[in-house]
> 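Got a structure for you, written out below as structure tokens; questions coming shortly.
This is a predicted model, so every value here is computed, not measured.
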There are 2 protein chains.
Amino acid sequence: MKLESFLPYRLNRAAAIASRQFSAIYRNDFNLTVPEWRTLATLGQFGAATATEIGEHSAMHKTKVSRAVAALQRRRWLVRHTNEQDRRIEHLSLSAAGRSAYAKLAPKMLAFEDAMIRKLDPEDQEALAKGLVALERALGIDRKTSLLSQRSENETPGEDDLRDRRRRVA
Amino acid sequence: MKLESFLPYRLNRAAAIASRQFSAIYRNDFNLTVPEWRTLATLGQFGAATATEIGEHSAMHKTKVSRAVAALQRRRWLVRHTNEQDRRIEHLSLSAAGRSAYAKLAPKMLAFEDAMIRKLDPEDQEALAKGLVALERALGIDRKTSLLSQRSENETPGEDDLRDRRRRVA
DNA sequence: TTGTGATAGTTGCAAACGTAACTATCAAGC
DNA sequence: GCTTGATAGTTACGTTTGCAACTATCACAA
């Protein structure tokens, strides 16, 4: 058994190291936890989502999402709108303050990501992108995200300034 | 900001989902936690290591390793040998019972990994392997693991039965 | 209309976690 | 032979986590 080649081991290690580096940014700037940042980023991108959707999209436990949402709401970065057709559902979206924080944070995160990706040869970037997409498909990730991905078609315009990135992995 | 393409987000999601599936195996069979399994696997492969080495190799916090080692020792799966040249250092290795558990578990884990990898096209397997190696290099992982990787050259033979896998990612 | 099962989200509680502080040990310089 | 600083590993403590149980709501059927 070679740990050096054992896929889940390597994935977790790489994810942990990368996450530690990235989280330093939003922890320093805004004292955000990882689940809070993920929730902020999801809402920043998709405009609105339910807690369940956020959890499925980011593979976070529903209690984790629930607490992150509560924390963001306490900061007044997030608002809830109960669906009147089905009162169990709460549509979440960012307040002006939340969007402002997201607008400050997102470019920093993307710049840091670019710096990380640029450490790879272009052909390695391609390979990572291709391999990761295939792995996500094998893990059944594309299906879980379909709901939100579709909705992202008709997001509210006006905050698109962050979305025109030049060169992305996948 | 496209979460769909944001590297640390995707890495963490894939790692979390994969880890959840894999951990079900050793949790069911032996009631092992993730850190305990990682420690067991590291010692099972390398024969012996210090707690610091295990932590660096698997990107686990030293307190996490310390607790996992203590738990494995409580099961009598692990023994400590204080280095007499430097009495701060403890060389850890598996007991017969520990090796036995590892021998039962490792083939299951590898079989499950094979099933997961086989969901990918061969060219996607290659791409993932290539991309992951490059990413690890960019994250500085290869350096951290060098100590243990070198030692793995002269491991004790006799437990090599698990190491002759045919087709591996990386 | 009442009951049954399902779903969205929250919370109590015990387990797991990371930070910081600790012990024990070592090497190096004075 | 003492200090000083560094390292290996453990532990106390407050925080975060996940499981299970909970509330509230809905759809559907007897």
Side-chain angles (χ1 to χ4, degrees), chain A residues 12-13 15-17 19-21 23-24 26-28 31-39 42-43 48-74 78-93 144 147-148, chain B residues 12-13 15-17 19-21 23-24 26-28 31-39 42-43 48-74 78-93 144 147-148:
Chain A
N12 266 289
R13 182 176 53 181
I17 292 174
S19 185
R20 210 175 303 151
Q21 297 182 7
S23 66
Y26 48 77
R27 190 168 38 80
N28 263 317
N31 207 31
L32 284 171
T33 67
V34 176
E36 286 162 19
W37 154 249
R38 286 191 191 154
T39 300
T42 306
L43 293 176
T50 67
T52 299
E53 287 170 339
I54 294 172
E56 284 179 350
H57 191 270
S58 57
M60 285 196 291
H61 195 274
K62 63 176 179 175
T63 61
K64 225 174 183 175
V65 177
S66 176
R67 284 156 180 149
V69 166
L72 291 176
Q73 189 184 27
R74 249 176 270 125
L78 177 150
V79 289
R80 302 173 192 247
H81 291 291
T82 303
N83 183 327
E84 289 303 327
Q85 275 66 53
D86 183 344
R87 297 181 50 78
R88 294 170 300 182
I89 297 175
E90 294 197 300
H91 298 287
L92 309 170
S93 54
K144 302 244 176 187
L147 273 175
L148 276 177
Chain B
N12 267 288
R13 182 175 54 180
I17 292 174
S19 186
R20 208 176 304 151
Q21 297 182 6
S23 66
Y26 48 78
R27 191 167 37 79
N28 262 317
N31 207 30
L32 285 171
T33 67
V34 177
E36 285 162 20
W37 154 250
R38 285 189 192 157
T39 301
T42 307
L43 293 175
T50 68
T52 300
E53 287 170 339
I54 295 172
E56 285 179 349
H57 192 271
S58 57
M60 286 196 292
H61 196 272
K62 62 177 180 176
T63 61
K64 226 174 182 176
V65 178
S66 176
R67 284 157 181 150
V69 166
L72 291 176
Q73 189 184 27
R74 249 176 271 124
L78 177 152
V79 288
R80 302 173 191 247
H81 292 290
T82 303
N83 183 328
E84 289 303 328
Q85 275 67 53
D86 183 345
R87 298 181 50 77
R88 292 171 301 181
I89 298 173
E90 294 196 299
H91 299 288
L92 309 170
S93 55
K144 301 244 176 188
L147 273 175
L148 275 177

> Starting the side chain at C-beta, find the nucleotide from dG9(C), dC17(C), dT10(C) nearest to K64(B).
dC17(C)

> Checking the side chain of E56(B) only, and the main-chain atoms of E53(B) only, is there a donor and an acceptor separated by less than 3.5 Å?
no

> Go through DNA chain D in 5' to 3' direction and return only the first and the last nucleotide with some atom under 4.0 Å of chain B's heavy atoms.
dA6(D) to dC13(D)

> What's the shortest heavy-atom distance between V34(B) and Y26(B), and which atoms?
CG2-OH, 3.5 Å

> Give a yes or no answer on whether the side chain of T39(A) reaches the backbone of P35(A) with a donor-acceptor pair at less than 3.5 Å.
yes

> What's the shortest heavy-atom distance between L92(B) and A51(B), and which atoms?
CD1-N, 3.8 Å

> Given that T63(A) and D86(A) both sit by DNA chain C, which one's nearest nucleotide is further toward the 5' end?
D86(A)

> Take T33(B) and E90(A), find for each the nucleotide of DNA chain C with the closest heavy atom, and name the residue whose nucleotide sits nearer the 5' end.
E90(A)

> What's the spacing between H57(A) NE2 and T50(A) OG1 if we round to 0.5 Å?
12.0 Å

> Specify the residue among Q85(A) and P35(A) whose closest nucleotide of DNA chain D lies further upstream toward the 5′ end.
P35(A)

> Can you tell me the distance, in whole Å, between the CG atom of L32(B) and the C1' atom of dA15(C)?
16 Å

> If I take atom NE2 in residue H81(A) and atom C1' in nucleotide dG9(C), what distance separates them, rounded to the nearest angstrom?
17 Å

> On the nucleotide dT19(C), are OP1 or OP2 found under 4.0 Å from the side-chain N or O atoms that H61(B) carries?
yes

> Assuming nearest nucleotide by heavy-atom distance, tell me which of V34(A) and N83(A) is located more 5' along DNA chain D.
V34(A)

> Rounded to the Å, how far apart are K62(B) NZ and dT19(C) C1'?
10 Å

> Using a 4.0 Å heavy-atom cut-off across all strands, classify R20(A) as base, sugar-phosphate, or nothing.
nothing

> Using only modelled atom types and a 3.5 angstrom limit, is any donor from either the side chain of R67(B) or the base of dG18(C) paired with an acceptor on the other?
yes

> To the nearest Å, give me how far apart CE (M60(B)) and P (dA16(C)) are.
14 Å

> Locate the shortest heavy-atom distance separating Q85(B) from N83(B); write the atom from each residue and the value.
N-OD1, 2.7 Å

> Please answer whether the main-chain N or O of H91(A) pairs with a side-chain N or O of R80(A) as donor and acceptor at a distance below 3.5 Å.
no

